[in-house]
Amino acid sequence: MTTRAIGFGVGSLPRIARGEGSYLIDTAGRRYLDGSGGPAAFSIGHGNREVNAAIAAQLERVACAYRYLFSSEPLERITELILRKCGGDFGHVVFCSGGSEAVESALKIALQYWHAAGRSGKRRFIARERSYHGNSLGALSVSGFAERRRPFEGSLLDVSFVSAANAYRPAGGVALSELANHLAAELDERIRTLGAEQVAAFIIEPVVGAAGGVVPPPPGYLPAVRAVCDRHQVLLIADEVMCGSGRCGTWRALEPEAVVPDIMVVAKGLAGGYIPLGATIATRAIGDVIVAEQGAIMSGYTYSGHTAACAAGVAVQEIIERENLLERVRSNGPALRAALAQTLDRFEEVGDVRGRGYFIGIELVRDRATKAPFPADRAISHRIARRALENGLICYPCAGHVGEAMGDTLIIAPPYNASDAELSELIGKLTRSIEQELAP
Ligand code: PLP
């Protein structure tokens, strides 16, 4: 089985010159509207002068103060900001340089917590099919993403997978009204089978990203699995690398469900791609036990809390706050989704338009009625994304989330501060690209 790639061979990629707000411009002067924030990362667009000035000023002072020797103002400010945004249950933050590292920290915090609590038997993780948590071995182990796991099978952790929570393609064909209970019962059963005394944590993406093509949780699902975890004393880890930091219109993606995870993970949108920055956040209840018993959370890297990266995070988050961008995402998101659904409705191949805030998935199917996917070798999502790039639009194709290797979705995730005119341009260019690619 070969890996499907977007099809830009090395050497044929456009060469980037600069970024300006919602646009990237290559050295030939071509402009690309960033309709997906790259991989849902660039929360406030590119080339922001205020962020760049904050980074430059920090670099002038000191680029990085090693965390074992020093604290710093940017580190303290981003810590305070994250805890304030997350709400009172949370009390501990450890930093790193991206999503995979942050997921590693989350898994290790769960293990360290149970060790500190005198229950070292709890070592196993449960995760979901059609999920992605990162490319390092631990994070890949909890990822239900066959295509990315395949070359490494045999060396991954022994993780137990339960069904994906997908209202468009419900596990076992269960009715939507029954889906949350069905999936919660499956999790409950799995924990019992493995033995609750063996299970450390259940990890989920509140809104699934690349592995499912933006899959929001079915109604009632998140409170239901939270209750199952509580019943069995299994920690709940929310991986909000893609869907968090405001992408869905709330700072925590789980806020609308009023569900508080024990550990959560953010990265991409936190510093908006200006400098790599990730964070793992634990509740007081979890972190306090670790600190009391073992002194500190044992997860750190040389560049944890990198000073200039923290300064970038502070600057990005302050702009989001000052310009009320989450309010904008919250109020504009449904309209953007509805406009896409309406405009694309004439294509029989558009099966589903779904999402939250500025995190939207457009699933492409061979047959709208049966939801039958396109054959994998047609690589339809990648072809449309390539066509869109030629038309000056960046969108994020994902494939392989149906059956063995089928399924095609385009992810739309514009910068939170994209203008209304840019959002209209996005819809127009996407529509044209789909039309051109589907034309017989
Ligand atoms: N978790 C989720 C939900 C992701 O979408 C990703 C990356 O796409 C990761 C973790 C890994 O993040 P990174 O690529 O920054 O290591």
Side-chain angles (χ1 to χ4, degrees), residues 6 36-43 94-110 125 127-145 147-149 152 156 159 161 164-166 201-217 222 236-248 252-254 261 263-281 299 301 303-304 306 309 312-313 316 355-361 385 394-401 409-413:
I6 193 164
S36 64
F42 308 133
S43 43
V94 289
F95 288 96
C96 60
S97 305
S100 304
E101 282 183 359
V103 168
E104 293 293 334
S105 296
L107 301 176
K108 289 179 68 188
I109 289 171
F125 295 101
R128 298 188 308 194
E129 289 159 7
R130 319 281 183 210
S131 61
Y132 182 60
H133 298 289
N135 243 338
S136 53
L137 278 181
L140 193 59
S141 296
V142 290
S143 298
F145 201 141
E147 203 167 7
R148 293 189 187 176
R149 292 172 61 98
F152 311 103
L156 300 173
V159 170
F161 287 90
N166 184 332
F202 176 47
I203 181 166
I204 56 164
E205 293 166 79
V207 179
V208 179
V214 185
V215 184
L222 291 165
L236 180 65
I237 302 174
D239 176 352
E240 301 204 354
V241 167
M242 224 178 194
C243 61
S245 312
R247 172 62 55 200
C248 291
R252 287 197 305 110
L254 279 173
I263 303 167
M264 69 175 270
V265 180
V266 290
K268 296 179 190 275
L270 180 61
Y274 280 82
I275 298 193
L277 180 66
T280 310
I281 308 139
S299 185
Y301 310 94
Y303 297 127
S304 294
H306 186 282
V316 168
R356 262 192 201 177
Y358 278 9
F359 196 31
I360 298 173
I394 297 164
C395 60
Y396 184 107
C398 45
H401 48 81
T409 301
L410 299 166
I411 296 182
I412 298 301

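Start at 1 with the first residue, then count along the sequence. Counting starts at 1 for both ligands and their atoms, in listed order.
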Counting only non-hydrogen atoms and a 4.0 Å cut-off, the residues near ligand 1 are Gly98, Gly99, Ser100, Tyr132, His133, Gly134, Glu205, Asp239, Val241, Met242, Lys268

Given side chains that start at C-beta, do those of Pro39 and Lys268 come closer than 4.5 Å, heavy atoms only?
yes

Residue list, side chain to side chain contact (heavy atoms under 4.5 Å, CB included) with Val215, at least two apart or on another chain:
Asn166, Val208, Arg354

Closest non-hydrogen contact found for Cys248 with Val207 is SG-CG2, 4.0 Å

Count the heavy atoms of every other residue, nucleotide or ligand shown that sit under 6.0 Å from CZ of Phe145, and state whether that count exceeds 12.
yes

Please name all residues satisfying side chain to side chain contact (heavy atoms under 4.5 Å, CB included) with Ala312, sequence neighbours left out, ordered by chain then number.
Ile55, Ala271, Tyr274, Ile275

Table please: side-chain donor-acceptor pairs of residues 96-103 below 3.5 Å, with sequence neighbours left out.
| unit_1 | atom_1 | unit_2 | atom_2 | d |
| --- | --- | --- | --- | --- |
| Ser100 | OG | Asn135 | N | 3.1 |
| Glu101 | OE1 | Ser97 | N | 2.8 |

